[in-house]
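On a predicted model such as this, the values are computed, not experimentally measured, just so you know. Here is how names work: the chains are called A, B, and so on, in the same order as the sequence lines, proteins then strands, and each is numbered from 1.
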Number of protein chains: 2
Amino acid sequence: MARVDRSLVTHLPLFAGVKPDDLEEILREARSARYPKNSAIFEQGADAQSFFLLLHGHVRAAKTTPTGEQIVVRYVAPGETFGLATAIGLAHYPATATAVDDSIVLIWPTAAWPRLAERFPSLAANTLQTVGARLQESHTRILEMSTQQVEQRVAHALLRLAKQSGKKLDQGIEIDFPISRQDIAQMTGTTLHTVSRILSGWESQGLVESGRQRIILREPHRIVVLAERSADSGAA
Amino acid sequence: MARVDRSLVTHLPLFAGVKPDDLEEILREARSARYPKNSAIFEQGADAQSFFLLLHGHVRAAKTTPTGEQIVVRYVAPGETFGLATAIGLAHYPATATAVDDSIVLIWPTAAWPRLAERFPSLAANTLQTVGARLQESHTRILEMSTQQVEQRVAHALLRLAKQSGKKLDQGIEIDFPISRQDIAQMTGTTLHTVSRILSGWESQGLVESGRQRIILREPHRIVVLAERSADSGAA
DNA sequence: CCGGGTATTTGCGATAGCGCAAAACGGAAC
DNA sequence: GTTCCGTTTTGCGCTATCGCAAATACCCGG
């Protein structure tokens, strides 16, 4: 099996506090794979046979209801893990993972987790921290959905995406992977129609520039203001 | 310091796979305390100086926005941990914890966590699992808020409370701690008014019996049906 | 360069649920 | 028993947002 280039992963928070030799040992158990744009990595409900570290590209994790509605749980950026079902004690994946761009991942077999976690406490501790961070994010999202209107929620969602996966351009910050109105709707608990209306409005005010699966934040600061403004404060 | 009675905690999932001697060592680092009904255990934003295991009673974890709106993050039942800020790498509590009933807790100092986690991998693994389970619950809640109407969400919330903290009575299942319409609103992303209207409706159909901070599910099965029914299927 | 399919925009009517306000109720303290 | 305060109930108008439908616009493959 091809050796993984350590320089890509050494400085990830996931491996903070792991000694180089130990890291070597951890990486020896992984293989790497490439997923082309729009290909499925795993399906909700399938046996959790592996867990993943994204090296390159972007992955969308989405959860589907029995009746077919979907929500986007999160977008995975390079350097982040996903598919940790095993680590948190699930036999099946709770969501579906899809590459939204050509992506390269490291893959560990589920069976390797217990040994790795016991042998490398830093790895377990780091994983606990990332899962905890995701829990915080979920709570924040619940708080927003409970207390804010759609426009604010969309603003927050885009700002978060920009921070996580934004590419700085002269004209502003571009979300660095293809994302549709529908995706944003599924991140914010609304419909693609409403998202479209909101972005149209922003576009006419020069706040964003957007097109087919593409969004550029032209005036991030003014969007921050939008995101934080309380329900009443009206517009012109 | 008073020795903690092992029989109360031995069989908790948190300590699964921990040897009796080790458990003894873990418990030696804890002290216990009693919080009377409606007393604060810690405040959102405060230094995370301790983490907790609830032995008896019920605790509400709630998150507040800068503008003062609150949501209930969860209710803690006996045997569950809370205030794990440290374990997930936070220096400050992300929510406020309040005893909703006279409660007894075990308290470990934050500083004890890193050593315990490293020394007892089972403890770390179990904690990762509980945090993971909470993450799943949060995602479920987000999914519900995104796809269901208020009545279904309230139904789900009550069923979950009944499962977690229900007391079986002849007449049905009673939520075993004081809980107001406002609390339920804050768990489901709606207002106390709407919750009140919904419960009034259910009461007149004999589904529930409720009063001041008290709810009995008289016909859990019919509430399950309500919870699962899709948006359209109308009522009489 | 030309389809065909997907994504986006936009209009318009319907409505679930909010927000405000006021009244009724229930419990606890004295 | 009475008072006081927090909780619950209920009425009513309002509106943010949905849901449906139709028209564009855009991109990709051939």
By salt bridge (charged side-chain N to carboxylate O under 4.0 Å, His left out), B/Lys37 pairs with (sequence neighbours left out) none

For this session: Please step through salt bridge (charged side-chain N to carboxylate O under 4.0 Å, His left out) for the pair A/Glu80 and A/Arg74, ending with a clear verdict.
Result: CA-CA 11 Å; A/Glu80 297 181 347; A/Arg74 66 181 181 120; 3.4 Å; yes

Axis-to-axis angle for the helix from C/dC1-D/dG30 to C/dC30-D/dG1, ends of five pairs each, to 10°, equals 50°

In whole angstroms, the gap separating P of C/dT6 from CG of A/Asp183 amounts to 15 Å

By side chain to side chain contact (heavy atoms under 4.5 Å, CB included), A/Ala85 pairs with (sequence neighbours left out) A/Ala48, A/Leu90, A/Tyr93, A/Pro94

Contact span of DNA chain D against chain A, any nucleotide atom under 4.0 Å from a heavy atom, 5' to 3', runs D/dA16 to D/dC27

Applying salt bridge (charged side-chain N to carboxylate O under 4.0 Å, His left out) to B/Glu174 and not counting sequence neighbours gives none

In short, ring pair (Phe, Tyr, Trp, His ring centres under 6.0 Å) pairs touching residues 200-221 of chain A with sequence neighbours left out are none

Residue set satisfying side chain to side chain contact (heavy atoms under 4.5 Å, CB included) with B/Ala227, at least two apart, ordered chain then number -> B/Ala155, B/His156, B/Leu159

Set out, line by line, the N/O atom pairs under 3.5 Å between protein and nucleotides 7-9 of chain C.
residue, atom, partner, partner atom, Å
C/dA7, O4', A/Arg212, NH1, 3.1
C/dA7, O4', A/Arg212, NH2, 3.3
C/dT8, OP1, A/Gln213, N, 3.0
C/dT8, OP2, A/Arg181, N, 3.0
C/dT9, OP1, A/Arg181, NH2, 3.3
C/dT9, OP2, A/Arg181, NE, 2.8
C/dT9, OP2, A/Ser196, OG, 2.7
C/dT9, O5', A/Ser196, OG, 3.3

Sequence neighbours excluded, the answer for ring-ring contact (aromatic ring centres under 6.0 Å, His included) partners of B/Phe51 is B/Trp108, B/Trp113

Sorted by chain and number, sequence neighbours left out, side chain to side chain contact (heavy atoms under 4.5 Å, CB included) with B/Ile107 holds for B/Arg31, B/Ala33, B/Tyr35, B/Ser50, B/Phe52, B/Val105

Contacts of B/Arg218 meeting salt bridge (charged side-chain N to carboxylate O under 4.0 Å, His left out) (sequence neighbours excluded), chain-then-number -> B/Glu209

Those residues at least two apart in sequence (or on a different chain) that pass salt bridge (charged side-chain N to carboxylate O under 4.0 Å, His left out) with A/Asp176 are A/Lys167

